[in-house]
Structure formats: C-alpha cells, structure tokens
Amino acid sequence: MTLAHWAAALKQHWGIEAELSRLDGEYDLNFLANARDGQGYILKAMRPGCETWLVDMQVQAFEHIAARQPDLPCPRVIAAASGQSLLTLPDEDGQDRLVWLLNQLPGRCYAKAEPKCDALIHEIGKVLGGSGKALADFRHEGLERDFKWDLTRAGWITDQLICITDPGRRAILKGISADFVKLEPDLAELPKQAIHNDANDYNIMVAGVLGEPRVVSGLIDLGDMCAAPRICDLAIAAAYIVLDHPAPEAALAALVAGYHEVYPLTPAEVNMVWPLLRARLAVSVVNSTMMAADNPDDPYVTISQAPAWRFLEGNALHVGLLTARLRAACRMPVVEGADRVLAWLEQERGDFAPLMGKDLSDAPMGSLSVEHSTWPQNPFHMPLEEAARVGEEFEDQGRIWLGYYHEPRLVYTDLAFRKGPYTASDRRTVHLAVDAFAPVGTPMFAPLRGEVFAAEYRDGHLDYGGVIILRHETPEGDPFFTLYGHLDPEFLDRLQPGDVVKKGEEFCRLGDPSQNGGWAPHVHFQLALTTEGIEADWPGVGDPDEMYLWRAVCPNPAALLNLPDEKLRYHPTDKDEVLARRRAHFGGNLSLTYTDPVMLVRGWKHHLFDEWGRPYLDAYNNVPHVGHAHPRIQAVAADQLKRMNSNTRYLHPAQTAFAGKVLSKLPNHFEVCFFVNSGTEANELALRLARAHTRAKGMVTPDHGYHGNTTGAIGISAYKFNKPGGVGQADWVELVEVADDYRGSFRRGDPDRAQRFADLVDPAIAKLQQKGHGVAGFIAETFPSVGGQIIPPKGYLPAVYEKIRAAGGVCIADEVQTGLGRLGECYFGFEHQGALPDVVVMGKPIGNGHPLGVLATTREIAESFDNGIEFFSTFGGSTLSCRIGKEVLDIVDDENLQENARTIGAQLIEGLRSLEQKYACVGDVRGMGLFLGLELITPNGSEATEICAYVKNRMRDHRILIGSEGPKDNILKIRPPLSIGSEDAKMIVSVLDRTLAELETA
Ligand SMILES: Cc1ncc(COP(=O)(O)O)c(C=O)c1O
C-alpha cells in the first residue's frame, strides 16, 4: 500500500514510472525506485515534522557539490517536474512529509565491499578530499548546529564517562579525553567549513567489476553535516577505515595521502588525525552506551561497539611513529625540522669527520641484494657459520668495502623480521643503513659531535652485539640521530647515555662475530630523523611495501660519510623496465602470468622471492620437483661441470646409472630408455617409435591435451591446434572426449562411465582405419592437466589400451605432469589406472629445471625403431643431464617426497573440500597427491572464468602462486614442488578461504 502511494507520487511529480522497494531507515521512508528505463533512484520521504532546514541543507549541499565538482562521484538531486528539488507531499495517512529524489549510485557500501585494499582506501581519501574542497564555500544556516557529532565538541564525553563501567575501558577513554583537551586550542584555530561529517563505512559507496580496481561511486547521507575544521571530516572517515583492518596504519596512510592529493593538508592538520580519530571512536562508544542505558538487554549495543573497542583496546600504534607515517605518506617532513636537518646535512657533506678514519670515496661496494647475492643459501635460515662469512667474496686483504643503503636482502631470516604466521608471509628485507666491512678491531670516529643516546649490548643471535646511538643537533637546534651496530662492546665501560662524543673522536671499534651478533665484522651505520616510536630499538631493515615511511625516517646517511647518495643507494632492477624490454625483444605470444606480472630472482624449496625479497609460496610449479635451488642438484651440477660434459657417443657410467634408476621405477617390461631435452622432444620421439613399430600413421588422443611445442607434438595437442588461430586438426588425428566425469558426457553417478568413455575410442579407430592411416597409437596425459586437472574414472585407460592394441596401435602414457611420485599413492599415473602402457614419457620435473626428457619403452618397440639410422640428441643424455636426472630421482626417494605428496595432498584435499562446502562457486575439488584442481563455477554451474582469474591474481597478492587451467580457464591448479609442508598447505587453504569470501561480497 505504502509502496503504491509513493510510486504514484513519483509518477505524478517527477514523471517517473518505477517499481519501489523499501530501504532501511530509522525514522524516514526511503525507497529504491527502479524505473522502467532501467534507471535507479532513491526516493526519500522524511519523517513527519522533520525540520525543513535539515533537508534543505542536504539538498543544497548535493547541488553545490555537483556544481563545483561535476566529476566527483556523488549522488545527484533530481528536481521534480515543477523545477523544485524538495517537495511537501502527504503520505497515505495524510501527514505532510518533505520528499526528494536522488539518483541511485552503483555498487554497495564500503562496509560490504571487498577487498578493502589500500588503493581503494586511497580513492576514498580522494573523494572525501574532493567533497571537502567542493563544500569549502558552501553556506547554510543549518551548518552552525550544536550537536554531539560535531567533533570539535567531543569534550562532552568527559562528564559522561561514568557510564562506562569497565575500569580499563574507562581509563582508555579518559586518556583520549585528556588528549582531546590538549588538542582543543589548536583545533579552535583552524578554519571551519561545511563538512560531510559522517563518512562512515555505510556512507561510502563502492562499485566496480570483478578483477578491476574498485572505484568509489559516491558519498551518501549528508544528514550530519556541520561547519567544522575539515580535518574532522577526514578523522571521522579514518575512524571507520581502521576498524578490524589488518594493517590499520597503512590504511590510514592511504586515506590521508588520498585526501591530501586532492585537498592539500598542513602538517599541523595531519598531526591531529590520530587524536581526532580516537576522539570520534570515544564519542561513538560513549553515545551508544548512554543510549543503551534505557535498554540494558539490547545486544545490538555491545555488538555495534565491538569493533571500536577491539581497536581502542587492541591497538598499540605509536602516535609519534603513526604521525610520522602519515606525514611521510603526504611527502611532508616526517617530523618538524626534518627538512632543515636534511638541508644542513647536504650543506655539510664533505666536512664530516671520516667514520672509518679515511676517505671512502674509492671504497668498493659489495651487493648482498636478493638479486646479486646468494647469502644465505637458505633464505629462511642463516646459520652462524654463514653469517660470519657474509660478503667474503668482497674481502680484499682487509680493505674496507661498503654495503648498500636501500638494498633488499635475504640475510634477515629471524622470525622477528617476518610479518605474519606463514613462511611466505611478508618480511622486512630492505636495508635502512650503510655497512662498512673492515677487519675486527677497526676503530671508528664520530662524524660529528653527538651525545650518547644509547650504548648497549644486544646479545641475540644476528642482533647488533655492541650498539651505540648518538643524538646530534644542527646549529639551528634540530635533532637527529646516528646508530652504529655490530661493535666490540668494550665501550660499555666508557660510554653512558648523556656522555658527549666529540667530532672526530675515536669512540668504538668493530666487533668479532662472538661480540657483534655473529656477523662478519662490519658496522651498520644508520641515520634517523626521529626516534618517535623506535626509541633505541630501530628497525635496521624495512618492509619493501613501507619504504615511503622508512626512507623518510631513516634516509640515506651518505652525507655523513662524505659520499654522494647515489654511490650508496641500491636500485633493484626495475620490473617495468624489464617488462618493456621483454615486449621489445620477444614475441607477443610469450605469455606472462598475472595482471601485474611478478619478477622472481631467488628460490628455495617451494618458495620464490621477487627483486624486493618478497616471498611467494610456489604452489604452481612442477618443474622444481624436489624444490628450487636444491643443494644436491647445485652440487651435482657444479661437480659435473668441473669435470666434463659430453654426449652419448662416449661411454659414461652416469648414463647407465640414470637409465637403471628410471627403469627401476617402471614395470619390468620397460627395458630401454631414450634421453632427450624436453617433454616435447620425448613425445615427438614417441610418435616416431609408434609409427616405426606399427608402420601406421594415425593417432587417437583425448581432446584438449598438450604434448609439446614442435610440429608433430602440436599435431597431437588439441589444446593448441584447436585454438582460434591454431593449425587445426590433421587428418591422421582423431580426438576423443576427455574422460571428465564432472563435466563430461558420463558423470560420477554412472558406475559404467569408465567403459563408456573408453568406448568413444571405437569410432575414432574406425575413422583412422577408414581414412587409410591405420592406428599407430594412442597418446594421453595420464591425468589430463591442461584439460583441467582431471582424474579419469578408474579402469578407463586399460579399456582404451585394449582397444588400441586390438587395432595394432602402441599405447603412450605422457607422464610429464603426473609421474615421479607427485600423485602420492603411486609413482606414475598409469599405476593408479591399473594400465600398462608401451611407452612412457617423462619431462620437466625429471631435470628439476635442467632441460631433460626421458622416454622408456619395451625392447620390442626399441628394436622396431633401430632401423639402421642413428638416433642422436646432442644434449639428450649429456653427462650433466644424466647426473642431474638421477639425483632428482634419488632425492625423491631419500627425502620421502612421494609420501610427502600423499600426506600433504590429503591435507590439501580435505581443506579444499571444506571450501567446497562453504562456497557455492566451488563446483568440484579433485586430484591426487600434489596434482590438484578446484573447479570454479557460476551460479548456473557454467565455467567461472573471470572468478578464476580473480582468485589467481588475489592469491598472488597474498603471496601464493597458483595456476588456472581447463578449456574455459576456470580450474585452479595446485601443483607445487613436492617439498611443500603442512604449514604451507594451511596457508593455501586459509588464503583461498579469504579470497573466496571476498567474492561473496564483491
Ligand atoms: C603433459 C605434457 N607433455 C609434454 C609437455 C611438453 O614439455 P616441454 O615443455 O618440456 O617440451 C608438457 C608441457 O607442459 C606437458 O604438460
């Protein structure tokens, strides 16, 4: 009834025919009006008796914003046919209401939008800044209202704290009140203007399509507008942004920087963000507690306050450091005077006393970077022996050499550097100091006068050992600090905080590893413009994604060493430059994974590192079968390269040892091995063998298979030849449907599906015979991988093989993806099927990154091929390849990796199945061991290609590499090195869970 009434009003006064539905609203009637033409509107019929000024103020403010900043995302007021924006109309009870109409904004409110990434928060800052700027000259009598939500009046809570009964909580609020009182005089000095005053997470609308950056579609609800300093507007938005945010300080920085970009703030305003944010949260909890006093049993109050309390009680953010961060994000001096300190250091560069007692202009630089160094061998563990030898390659008869500032390194392996629960969690890697490596006992001289701020001994493994911090002042009285780490602690008897060290005075010396935390002798020399929040415990390295802060707090100390900044500053290889060069020098069909490609420069077992040292869990790559950079593979390769590397025309025991190892893993009827360079080459050879043996040409193969990149291999790879632009199907090839019992013709409920899929081979054989090609053989990836990680029903392959053999053909099992223990339960996929092929092809993993392919077959087939023409592959079966191949297979055995694949695979499948229960978009979980697929579907069950791309990219954002496969690219492929562990499996499931949850709200 109500709906019909207001629909009629909408038609009568605005000429819009629409279907109405009721929206939330405490007192007012709000309707969503879906017009015939597809446009959406919000019709607002205010409560009877609502003050006209309040509605008029909002209408005018929206119109003002639209006029001042037409491009700002913001709702537009739709005037009625009469030209009026605000009407007075009777409701169905005959009571007059103020009624107005807005256009509907696309998307959903920020509270329900995911992911809440920094880029989106930055956008919010920009839109808020834009609206602040637009409202700067907006005037309305209603703005000067006296109400509790005016943050400049937050002091009202002081007298109401009695309502907070929990003493701990009351103490927190008392502290906030006290801080607010201190701030009030400065706040009062700031100019006032019209502000939104309630940019909470329900009043910010967010839109955008899956996989594209989210955009702010507008700020709604100007009902709390008032005149106040604009910083109050920003602090209010900030108070909601931080709630339950996993990295509130980074989120705040993104918000404030966004605002500043559009509507520049002063440093004094930025300093107020934190205390005002807290004041707003305090107002909010006090207000709702007071409201609840009348309704003591209403659980909503506690629930609605919970995020604010979690933040106020749980967050140990340091106000000084946070403010420095916000200032750094706005490119302001991090603390008052920091710009003057930098200018003075620049002016004095060249005149400081030499730290090491000599001019360092010619001192060589040594890089310990992720890209240029392999210290430590295991990037997750730095043993004492290695730490004491770090950089020994740069040692030159005791000559001083320098280590870079701003250099990402993997030498910081302690858990203290890690920022999350997993091995692949982000870690701090970027060096914030300069190192000078020199012999033990080398004396050091103060570059300038300083007062001892700290002189301590830190005895932790890989800590500083002896460390001194000096406090300095510029002639203008601006303070700054220098730190000297890894010292001989002999100074402890001499230096106390407060002591003065004169310019050029010898004040400490380099310690040996037993004194300096365990490192090769050097000094870690760091400059800081503030000790706010870091006191005497400075981070020596920073998170690569937080360098905007740390570069500002701890700038390059080169001036103090009388050196140019550029000499000491490290620049990681610029990924964008590499991308541009790649585009310039390579073909366009050399594809790159991820919307934002990743550059990987180091690896260890199942982890990889980018140029900034960010770790990634490699859940995708099967080539490093036993793990990236496996020490045994390194050793065997280096050892063989020291000796010789030749080919199969000469005898070498490594060749027969490797063949023996391969054959030991296969049924007895395999007696002969061929060594080649790749899976492709092995499949190409398999074709030749089959044809030589059968004297036929025709091949049967499942649809959407892949066997390699040469002409012959592509001929049997429907995945390639059937793509748009592909070469098309050769007449000697017959395709059969993939035995996919999730999506294919015969489904899991059918007990005869294996035989039914196998029967599809009959017409294929018949066709080849009809065409006169005969049947040379059948080739299949034992478990189709590019087809979508498919496990054919048991019994499928034996049934197919029977038919092929009956037609005279050879059965080829491409085990490139499935062989060598990956499946856990069995060493090869054909074992699981209970099938016995005639030819087995192995590739990729068997070389662990070294190019190697192997074909194993029967004596009989090998003899058919031995027709007098030499078979030779220059690199296939090289001494080096044979040693590496054998080592890989030995490692699988020695490290029990097949069993690991079984147990971790089972854990993963269990975790993935729980996600299948939880999320409708997970259609199927399948696989064995560490060969796993997760099929993503749309609500109607079709292939969810976009969702899959989104999940893959988001997993990468969370530092997990996985792939996608299938004809429609909707199957997530999890196929890690076999070394992966239980914690890693937990990480995969937990991050997938988070990512799939984002989809529910996307
Ligand atoms: C099943 C299968 N066979 C053969 C190949 C070809 O191997 P390569 O790229 O080493 O030539 C691949 C490569 O992805 C494969 O997945």
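Index from 1, following the sequence. For ligands, and for the atoms within them, numbers begin at 1 and follow the listed sequence.
Residue Glu681 does not touch ligand 1, judged by heavy-atom distances below 4.0 Å.
Atom 10 (O) of ligand 1 has Gly679 N, 3.2 Å as its closest protein atom, hydrogens excluded (heavy atom only). Regarding atom 9 (O) of ligand 1, its nearest protein heavy-atom neighbour is Thr680 OG1, 4.0 Å. Given atom 16 (O) of ligand 1, the protein heavy atom at minimum distance is Gln817 NE2, 2.7 Å.
A donor-acceptor contact shorter than 3.5 Å is absent between the side chain of Glu781 and the backbone of Val816. Side chain of Glu935 to backbone of Gly788: no donor-acceptor contact under 3.5 angstrom is found. A side-chain donor-acceptor contact under 3.5 Å links Gln634 to the backbone of Ala629.
Shown are Val991, Thr995, Leu934; of these, the side chain to side chain contact (heavy atoms under 4.5 Å, CB included) with Val951 is made only by Thr995.
Of all atoms in ligand 1, listed by their number and element, those nearer than 4.0 Å to a heavy atom of Asn683 are 3 (N), 4 (C). Under a 4.0 Å criterion applied to the non-hydrogen atoms of Ser678, ligand 1 contributes the atoms 10 (O), 11 (O). Heavy-atom proximity to Glu781, at under 4.0 Å, picks out these atoms of ligand 1: 1 (C). Of all atoms in ligand 1, numbered sequentially from 1 with element shown, those under 4.0 Å from a heavy atom of Asp814 are 1 (C), 2 (C), 3 (N), 4 (C).
Checked for salt-bridge contact, Asp957 and Arg954 meet the test: a charged N lies under 4.0 Å from a carboxylate O.
Scanning both residues, Val840 and Phe670, for their nearest heavy atoms gives CG2-CZ, 3.5 Å.
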